Structure formats: C-alpha cells, structure tokens
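The structure displayed is predicted, hence computed values, not measured ones.
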Amino acid sequence: MFAPYASQPAQSRGRLYPEEESVFRSCYQRDRDRIIHASAFRRLKHKTQVFIEHEGDYFRTRLTHSIEVAQVARTIAGALKLNPELTEAVALAHDLGHPPFGHTGEDALHDLMAPYGGFDHNAQAIRIVTNLERTYAEWDGLNLTWDCLEGIAKHNGPVVGEVPIALAEYNQRHDLELHTHASAEAQVAALSDDIAYNNHDLHDGLRAELFSTDELAELPILRDCFGEVDRRYPGLNYYRRRHEALRRFFGVLVEDVINVTRANLSRVDPASVTDVREAGQMMARFSGGVWSDLKVIREFLFHRMYRAPEVVVTRSKVTQIVRDLFPLFMQQTDLLPKQWRKDVEAVSGDEIALARIVCDYISGMTDRFAIVEHARLTGQEPEPGLRASGPGHIRYEERLKNG
C-alpha cells in the first residue's frame with residue numbers, strides 16, 4: 001500500500017539500544033506512542049504559541065498545535081502513500097524542545113546560553129527524547145528509531161554550518177547523517193507545521209482582536225476564500241463567515257502541498273527512502289505562487305500580531321523572567337529540584353555542563369510554572385497580566401512547598 005519511497009518499518013535502521021519488536025505495533029507506532037506518553041509532551045499543554053498560556057482558553061498551545069500538525073501530516077502522508085505512523089511521530093515531537101513563552105523564551109535562552117554553545121529548540125527536542133526523559137530501566141530517553149530521530153533533527157532540511165551542541169553530542173554516538181535530507185515523511189511533517197500555524201495564527205489573531213475579518217479578506221488566498229463563501233452563503237453571520245473562509249484557506253494549503261510534492265516525487269522518481277534523502281532537494285514544498293502569497297500573510301501577522309504593542313509588552317515581561325531565573329540557578333544550584341542536583345554533582349567544576357543542565361531545567365518549564373517559580377524565588381509579585389491561576393497554580397504551589 002505504500003509508495004516505493006515511503007519509510008517501511010521492516011527496513012528501519014533500528015534503535016540505539018536494540019529491543020525486541022512488538023507483535024502488534026510497528027516500530028514507528030511505538031515511537032509515536034512513546035512520544036505521546038512522554039512528560040515533555042504533556043507539558044506542551046501549558047506552553048504558549050504566541051499568547052501566554054493563561055490569557056485565554058481558546059488560544060492555541062504547543063500541545064493543540066502539535067495535534068493539529070499531526071492531523072494535517074497524516075492526511076498528506078495518506079494522499080502520497082507515505083508511512084502515516086512515522087509522519088505522525090515526527091509531527092508530534094517537533095515542538096518538544098520549545099521552552100516556556102514560545103519564541104520569546106527561546107530567544108532569551110539562546111542569548112543566555114551564547115557563552116555555552118547557544119540554545120536551539122530542534123536540538124533540544126533531540127536532547128529530550130534521547131536523554132532527559134528518564135523513565136525506562138535500561139536507557140535514558142525514549143530510544144526512538146533512527147528514522148524518527150532523523151526526522152526530528154532534519155525535518156527542515158540538512159543541518160549545515162555549525163551544528164547545535166545538543167544535536168552534535170548525540171550525533172557523535174548515533175550518526176543521523178545530518179548532511180542529507182530527511183525522509184519524505186519528515187518533510188511532510190515540516191510542511192504540515194507551516195500549514196497549521198499559518199491557519200491558527202489567523203484564528204487566534206482574530207479572537208484577540210488584533211485585526212479584523214475585513215482586513216483578512218484583503219490578503220492573498222484569503223480574498224478568494226472569502227469571495228467563495230460570500231457567493232455560496234450570502235448574508236452569513238460574521239463568525240461563521242470567517243470560519244468558513246479560514247477552513248477553505250486551510251484546504252488550499254493542504255491541496256497545494258499534496259499536488260506539488262506528488263509532482264516532485266514523480267519527476268525525481270525515487271526508488272527508496274534513501275533516494276529521497278540523497279535527492280539534494282526537498283520533495284515536500286508549496287508551489288511558488290502559494291509560497292509568495294504566504295510570505296505576504298506572514299508579513300501581515302508579524303506586524304499585526306507577533307509585534308502588536310500588547311504582545312511586545314508581554315514579551316518584555318516574560319523575557320525578564322527567563323533572564324532572572326538562569327543566573328539564579330547557576331549561582332545557587334541548591335534551588336534546583338533534588339533529582340536535578342545529582343546531575344549537577346556529576347559535572348562539578350564544569351561551567352558549560354552546568355549551564356546546559358540549568359538550560360534543560362528552564363526550557364522544560366511551562367509558562368505558568370516559570371511565572372510561579374520566578375515569583376517564589378525572587379520574592380517579586382508577578383507582573384500584571386502574568387498571574388498564573390486555576391487548579392494548575394494550586395498544584396504547583398503544593399509541589400513547591402513540598403520541595
């Protein structure tokens with residue numbers, strides 16, 4: 001049922017630590033299931049996309065985004081006769097390395113880690129699934145297949161230039177062939193990420209009233225989508241109208257990727273997944289016209305949403321939280337939880353290794369936990385608009401009291 005260039009479980013390159021295979025799940029299904037059950041995946045529920053996690057129940061979080069990406073990825077993989085389980089596993093894992101507060105938190109951590117090798121969320125995802133998830137008896141990490149790890153590391157293309165330290169360290173143990181492209185499944189997961197966030201950022205920006213439906217209706221692609229809705233449903237109320245238009249926008253992107261990727265695969269005619277990796281080009285792409293239109297939409301979102309005055313103010317506040325926590329833990333390692341102090345003792349005197357441990361801890365925090373921890377450790381009340389609330393806040397307070 002799969003295309004010749006699809007990833008086949010029977011031809012997987014296996015795991016770093018050999019395991020007995022399951023009798024009822026393929027190796028890629030096991031990868032997917034391990035990712036879903038990982039604590040890092042659950043924490044995505046309280047990590048932000050653009051808005052701080054508690055600003056509204058309807059805004060996307062990293063968890064809902066990852067689920068949406070996986071849904072799109074499975075659809076495209078099915079249309080192209082690729083392996084849906086591997087595609088889904090890479091899609092679900094692609095954001096595991098994001099720190100609290102979205103790209104704002106990542107920028108802050110990267111600056112703080114500059115003397116120690118920097119911070120990269122893709123490399124951090126590899127570090128999480130190969131080291132920081134520590135629940136199995138025989139190894140650290142999830143012991144995912146080479147195929148899945150390759151997809152997480154290279155879904156955006158070959159890793160060229162300076163390789164992030166977290167990725168380079170693992171690659172020395174388990175060569176992921178960073179100079180080549182990833183499988184078609186991983187490439188589809190990457191494009192599905194683009195489709196999902198381009199669509200839901202428009203939804204979230206409308207809900208936050210950072211721009212209007214009328215303004216969206218003037219953007220490329222969306223102009224035609226709104227026009228089709230108005231012709232088919234004249235007089236439709238504004239909420240249903242914009243939802244129908246964005247639903248069509250979503251469909252345009254999915255169909256474009258399927259058509260272009262299918263044409264690329266037909267033209268190159270790879271006979272195996274190895275041929276895809278060594279093709280020297282990405283198979284999964286948008287068409288030139290759609291890509292140009294998306295750049296216009298992204299420019300609109302950049303100015304009207306990502307750099308909206310109220311968002312910029314919040315970015316400044318949460319950046320300060322990360323900047324305060326990092327030196328605090330570096331100077332007072334006894335403030336770290338007990339299970340982290342063992343790692344600190346093991347790297348005694350190695351400042352770079354200590355910084356990586358502190359970075360691991362902070363990057364694993366959720367938005368609300370970072371806010372609560374910052375208030376507790378600094379004695380400062382959270383800035384207006386950053387107060388964590390609800391049952392999760394109570395549980396964190398209990399956890400802090402109990403050490």
Side-chain angles (χ1 to χ4, degrees), residues 1-42 44 62-97 122 125-126 128-130 133 135-136 139 141-156 174 176-177 181-196 254 257-258 261-262 265 270 272-277 282-284:
M1 294 177 62
F2 293 147
Y5 43 76
S7 297
Q8 303 282 359
Q11 298 171 7
S12 167
R13 298 202 191 182
R15 307 176 189 277
L16 181 61
Y17 303 102
E19 295 183 50
E20 184 177 344
E21 292 299 327
S22 169
V23 296
F24 54 89
R25 289 183 299 166
S26 75
C27 58
Y28 301 144
Q29 287 176 298
R30 295 179 80 186
D31 285 348
R32 178 199 61 198
D33 296 347
R34 288 179 181 185
I35 291 163
I36 289 173
H37 289 284
S39 58
F41 185 74
R42 293 194 298 275
L44 296 179
R62 288 285 169 194
L63 180 60
T64 59
H65 167 68
S66 296
I67 293 170
E68 291 178 22
V69 174
Q71 176 268 312
V72 176
R74 282 190 69 96
T75 298
I76 297 175
L80 298 173
K81 296 183 179 181
L82 300 174
N83 188 291
E85 281 81 22
L86 177 59
T87 311
E88 185 177 22
V90 175
L92 290 171
H94 83 282
D95 266 358
L96 289 179
N122 280 332
I126 290 291
I128 287 169
V129 300
T130 61
E133 287 285 331
T135 56
Y136 292 90
W139 54 73
L142 304 180
N143 200 32
L144 303 177
T145 62
W146 183 95
D147 320 56
C148 188
L149 293 173
E150 177 219 27
I152 298 170
K154 304 189 299 187
H155 60 274
N156 289 322
H174 196 191
L176 299 178
E177 299 177 3
H181 286 273
S183 64
E185 285 83 0
Q187 295 182 36
V188 164
L191 266 291
S192 300
D193 182 27
D194 291 344
I195 291 170
V254 171
V257 167
I258 291 173
T261 305
R262 180 180 287 141
L265 289 166
S272 67
V273 64
T274 300
D275 288 347
V276 172
R277 292 186 176 109
M282 293 287 280
M283 296 290 102

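- The backbone N or O of A40 lies less than 3.5 Å from a partner atom in the side chain of E133, making a donor-acceptor pair.
- The main-chain N or O of S26 is never found under 3.5 Å from a side-chain atom of E85 such that the two would form a donor-acceptor pair.
- Within the 3.5 Å criterion, the main-chain N or O of T145 finds no donor-acceptor partner in the side chain of R30.
- Between D193 and N156, the closest side-chain pair of non-hydrogen atoms is not below 4.5 Å.
- Listed here is the closest heavy atom pair of V188 and A77: CG1-N, 4.3 Å.
- Looking at heavy atoms from C-beta onward, R32 lies in side-chain contact with L92 at the 4.5 angstrom threshold.
- One finds the CD1 atom of I35 at 4.0 Å from the SG atom of C148 (value rounded to the nearest 0.5 Å).
- Of the charged side-chain nitrogens involved, at least one lies within less than 4.0 Å of a carboxylate oxygen, so that R34 and E19 count as a salt-bridged pair.
- In this structure, H94 and H155 have perpendicular ring planes: the angle between them is above 60°, well past the 30° mark.
- I195 contributes atom CD1, which lies 5.5 Å from atom OG of S192 (distance to the nearest 0.5 angstrom).
- Partners of I67 according to the side-chain contact (heavy atoms from CB on, under 4.5 Å) rule, which considers only residues two or more places apart in sequence or in another chain, are L63.
- D33 meets the side-chain hydrogen bond (donor to acceptor under 3.5 Å, both in side chains) test with R25; sequence neighbours excluded.
- The CG atom of L142 sits 9.0 Å away from the CG atom of L149 when rounded to the nearest 0.5 Å.
- No side-chain donor-acceptor contact under 3.5 Å links D95 and S66.
- Between the side chain of Q187 and the main chain of A284, a donor-acceptor pair closer than 3.5 Å is present.
- Within the 3.5 Å criterion, the main-chain N or O of S12 finds no donor-acceptor partner in the side chain of D147.
- With sequence neighbours left out, the side-chain hydrogen bond (donor to acceptor under 3.5 Å, both in side chains) criterion links D194 to Y197.
- Residues V276 and S183 approach most closely at CG1-C, 4.2 Å, considering heavy atoms.
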Exercise. Could you go step by step and tell me if Q8 and N83 meet the side chain to side chain contact (heavy atoms under 4.5 Å, CB included) rule?
Worked result: CA-CA 7 Å; Q8 303 282 359; N83 188 291; 5.7 Å; no
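- Here R62 contributes atom CZ and F41 contributes atom CZ; the two are 13.0 Å apart, rounded to the nearest 0.5 Å.
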For this session: Show the numbers, then the answer: is there a side chain to side chain contact (heavy atoms under 4.5 Å, CB included) between H181 and M283?
Result: CA-CA 9 Å; H181 286 273; M283 296 290 102; over 6 Å; no
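- Here the closest non-hydrogen pair linking I128 and L96 is CD1-O, 3.1 Å.
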Problem set entry | Intermediate values then yes/no, side chain to side chain contact (heavy atoms under 4.5 Å, CB included), I76 and T261 | CA-CA 10 Å; I76 297 175; T261 305; 5.8 Å; no
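- Within the 4.5 Å cutoff, the side chain of I152 has no heavy atoms near those of the N122 side chain.
- The heavy-atom pair separating A91 from A73 by the smallest distance is CB-CB, 4.1 Å.
- Judged by distance alone, with hydrogens and angles left aside, the side-chain atoms of K154 form a donor-acceptor pair with the main-chain N or O of L176 at under 3.5 Å.
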For this session: Would you please test D31 and R15 for side chain to side chain contact (heavy atoms under 4.5 Å, CB included) and show each step?
Result: CA-CA 10 Å; D31 285 348; R15 307 176 189 277; 2.8 Å; yes
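- Looking at S7 and L82, their side chains never come closer than 4.5 Å, going by heavy atoms from C-beta outward.
- Using a 4.5 Å heavy-atom threshold, the side chains of T130 and L16 count as separate.
- Heavy-atom minimum distance, Y28 versus A89: O-CB, 4.4 Å.
- Two residues are said to be in side-chain contact when any heavy atoms from C-beta on lie closer than 4.5 Å; R74 and T87 fail this criterion.
- Considering all non-hydrogen atoms of both residues, R13 and E177 come closest at NH1-OE2, 2.7 Å.
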